Amino acid sequence: HDVHIHNGRELILSLLPHHPEAAVFGRVLQLVDIASIPEFTFLRPYATPGTTALPNTTVLASQASKDKALVTLLCDLAQFFGCKPSTSRGRKNILSFVSKILAQAMKLQVRRSGTCEEPMI
(Lines give C-alpha, C1' and ligand atoms only; values in the text may rest on other atoms or scores of the structure.)
Protein backbone atom coordinates (compact mmCIF):
# COMPACT_ATOMS: atom_id res chain seq x y z
CA HIS A 1 0.00 0.00 0.00
CA ASP A 2 3.04 2.29 0.07
CA VAL A 3 3.50 2.39 -3.69
CA HIS A 4 3.88 6.18 -3.55
CA ILE A 5 6.81 5.73 -1.16
CA HIS A 6 8.63 2.78 -2.71
CA ASN A 7 7.72 3.20 -6.39
CA GLY A 8 7.04 6.92 -6.79
CA ARG A 9 8.96 7.19 -10.05
CA GLU A 10 7.04 4.32 -11.64
CA LEU A 11 3.72 5.63 -10.31
CA ILE A 12 4.26 9.06 -11.88
CA LEU A 13 5.53 7.49 -15.10
CA SER A 14 2.47 5.24 -15.34
CA LEU A 15 0.13 8.23 -15.01
CA LEU A 16 2.12 10.73 -17.07
CA PRO A 17 0.72 9.74 -20.49
CA HIS A 18 -2.79 10.09 -19.09
CA HIS A 19 -2.19 13.15 -16.89
CA PRO A 20 -4.67 15.54 -18.55
CA GLU A 21 -7.53 13.09 -17.97
CA ALA A 22 -6.32 11.67 -14.66
CA ALA A 23 -7.79 13.78 -11.88
CA VAL A 24 -5.72 11.72 -9.47
CA PHE A 25 -2.43 12.89 -11.07
CA GLY A 26 -2.23 16.05 -8.97
CA ARG A 27 -2.89 14.09 -5.81
CA VAL A 28 -0.19 11.55 -6.70
CA LEU A 29 2.28 14.42 -7.18
CA GLN A 30 1.42 15.57 -3.65
CA LEU A 31 1.98 12.10 -2.17
CA VAL A 32 5.22 11.22 -3.93
CA ASP A 33 8.52 12.68 -2.72
CA ILE A 34 9.29 14.45 -6.00
CA ALA A 35 12.56 15.83 -4.63
CA SER A 36 13.93 12.28 -4.57
CA ILE A 37 13.17 11.69 -8.28
CA PRO A 38 15.49 13.88 -10.37
CA GLU A 39 13.59 13.32 -13.63
CA PHE A 40 10.43 14.78 -12.11
CA THR A 41 11.59 17.64 -9.88
CA PHE A 42 10.24 20.07 -12.50
CA LEU A 43 6.75 18.92 -11.45
CA ARG A 44 7.13 20.41 -7.94
CA PRO A 45 4.91 23.46 -8.67
CA TYR A 46 2.07 21.08 -9.52
CA ALA A 47 2.47 19.14 -6.27
CA THR A 48 1.41 21.98 -4.00
CA PRO A 49 -1.78 21.20 -2.07
CA GLY A 50 -4.68 23.15 -3.50
CA THR A 51 -3.13 23.40 -6.95
CA THR A 52 -5.61 22.37 -9.60
CA ALA A 53 -3.37 23.07 -12.60
CA LEU A 54 -1.66 20.11 -14.22
CA PRO A 55 1.38 20.27 -16.48
CA ASN A 56 0.43 20.32 -20.14
CA THR A 57 2.41 18.77 -22.98
CA THR A 58 4.22 22.07 -23.57
CA VAL A 59 5.61 21.96 -20.02
CA LEU A 60 6.71 18.35 -20.51
CA ALA A 61 8.27 19.09 -23.92
CA SER A 62 10.05 22.15 -22.58
CA GLN A 63 11.62 20.08 -19.82
CA ALA A 64 12.49 17.25 -22.20
CA SER A 65 14.21 19.73 -24.52
CA LYS A 66 16.82 20.37 -21.83
CA ASP A 67 16.76 17.21 -19.70
CA LYS A 68 18.43 14.10 -21.12
CA ALA A 69 17.27 11.97 -18.16
CA LEU A 70 13.61 12.74 -18.93
CA VAL A 71 14.16 11.96 -22.62
CA THR A 72 15.76 8.64 -21.69
CA LEU A 73 12.86 7.83 -19.39
CA LEU A 74 10.32 8.60 -22.11
CA CYS A 75 12.26 6.57 -24.69
CA ASP A 76 12.43 3.62 -22.29
CA LEU A 77 8.66 3.87 -21.80
CA ALA A 78 8.09 3.91 -25.57
CA GLN A 79 10.46 1.00 -26.08
CA PHE A 80 8.71 -1.05 -23.40
CA PHE A 81 5.29 -0.51 -24.95
CA GLY A 82 6.63 -0.73 -28.49
CA CYS A 83 7.60 -4.34 -27.82
CA LYS A 84 4.07 -5.24 -26.72
CA PRO A 85 1.58 -6.75 -29.17
CA SER A 86 -0.28 -4.09 -31.15
CA THR A 87 -3.46 -5.17 -29.38
CA SER A 88 -2.05 -4.25 -25.96
CA ARG A 89 -4.29 -1.85 -24.12
CA GLY A 90 -2.99 1.71 -24.12
CA ARG A 91 -0.04 0.98 -26.43
CA LYS A 92 -1.15 3.40 -29.12
CA ASN A 93 -1.86 6.18 -26.61
CA ILE A 94 1.49 5.84 -24.87
CA LEU A 95 3.50 5.72 -28.10
CA SER A 96 1.57 8.72 -29.41
CA PHE A 97 2.14 10.64 -26.16
CA VAL A 98 5.90 9.99 -26.13
CA SER A 99 6.21 10.84 -29.84
CA LYS A 100 4.36 14.11 -29.33
CA ILE A 101 6.52 15.15 -26.37
CA LEU A 102 9.79 14.26 -28.11
CA ALA A 103 8.81 15.98 -31.36
CA GLN A 104 7.87 19.15 -29.48
CA ALA A 105 11.10 18.95 -27.47
CA MET A 106 13.21 18.73 -30.62
CA LYS A 107 11.31 21.65 -32.14
CA LEU A 108 12.02 23.71 -29.00
CA GLN A 109 15.71 22.81 -29.16
CA VAL A 110 15.95 23.87 -32.79
CA ARG A 111 14.14 27.11 -32.02
CA ARG A 112 16.45 27.79 -29.06
CA SER A 113 19.82 26.82 -30.52
CA GLY A 114 19.32 26.32 -34.24
CA THR A 115 19.93 22.57 -34.02
CA CYS A 116 18.98 19.45 -32.06
CA GLU A 117 21.51 18.41 -29.48
CA GLU A 118 23.00 15.03 -30.31
CA PRO A 119 22.05 13.37 -26.98
CA MET A 120 18.43 14.25 -27.70
CA ILE A 121 18.25 12.30 -30.96
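Bear in mind that the values here come from a model prediction, so they are computed numbers and not experimental data.
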Participant: What is the minimum heavy-atom distance between Ile12 and Phe25, and which atoms define it?
Facilitator: O-CE1, 4.1 Å
Participant: Taking the side chain from Thr51 and the backbone from Ala47, do they hold a donor-acceptor pair closer than 3.5 Å?
Facilitator: no
Participant: How long is the span from the CD1 atom in Ile37 to the CZ atom in Arg44, to the nearest 0.5 Å?
Facilitator: 10.5 Å
Participant: For the pair Asn56 (side chain) and Val59 (backbone), establish whether a donor and an acceptor sit closer than 3.5 Å, ignoring hydrogens and angles.
Facilitator: yes
Participant: Give the minimum heavy-atom separation between Leu102 and Cys75, together with the two atoms involved.
Facilitator: CD1-SG, 3.8 Å
Participant: Can you give me the closest heavy-atom contact between Ala105 and Ser65, atom names plus distance?
Facilitator: O-CB, 3.4 Å
Participant: Answer yes or no: is there a side-chain heavy-atom contact under 4.5 Å between Val32 and Phe40?
Facilitator: no
Participant: Do Arg112 and Gln109 have side-chain N/O donor and acceptor atoms under 3.5 Å apart?
Facilitator: no
Participant: Spell out, yes or no, whether Leu108 and Val98 are grouped together once hydrophobic residues are joined by side-chain heavy atoms under 4.5 Å, including indirect joins.
Facilitator: no
Participant: When you compare the side chain of Phe80 with that of Ile94, does any pair of heavy atoms fall below 4.5 Å?
Facilitator: no
Participant: What distance separates Arg91 CZ from Phe81 CZ, expressed to the nearest 0.5 Å?
Facilitator: 10.0 Å
Participant: Without swapping roles, check the side chain of Thr72 against the backbone of Lys68 for a donor-acceptor pair under 3.5 Å.
Facilitator: yes
Participant: Looking only at heavy atoms, which two atoms of Leu73 and Arg9 are closest? And how far apart?
Facilitator: CD1-NH2, 2.5 Å
Participant: Which heavy-atom pair separates Leu43 from Pro55 by the least distance, and what is that distance?
Facilitator: CD2-CG, 3.6 Å
Participant: Of all heavy-atom pairs between Leu74 and Leu16, which one has the smallest distance, and what is that distance?
Facilitator: CD2-CD2, 4.4 Å
Participant: From Leu54 CG over to Leu29 CG, what is the distance, rounded to the nearest 0.5 angstrom?
Facilitator: 7.5 Å
Participant: Are Leu31 and Leu15 in one and the same hydrophobic cluster, where Ile, Leu, Val, Met, Phe, Trp and Tyr link if side-chain heavy atoms are under 4.5 Å apart?
Facilitator: no
Participant: Do Phe97 and Leu60 have side chains that approach each other closer than 4.5 Å (heavy atoms only, starting at C-beta)?
Facilitator: yes
Participant: Hey, mind stepping through Tyr46 and Ile34 against side-chain contact (heavy atoms from CB on, under 4.5 Å) and telling me if it holds?
Facilitator: CA-CA 10 Å; Tyr46 305 97; Ile34 293 178; over 6 Å; no
Participant: Checking Ser113 side chain against Val110 main chain: does a donor-acceptor pair fall under 3.5 Å?
Facilitator: no
Participant: Hey, could you give me the CD1/OG1 distance between Ile101 and Thr57, rounded to the nearest 0.5 Å?
Facilitator: 5.0 Å
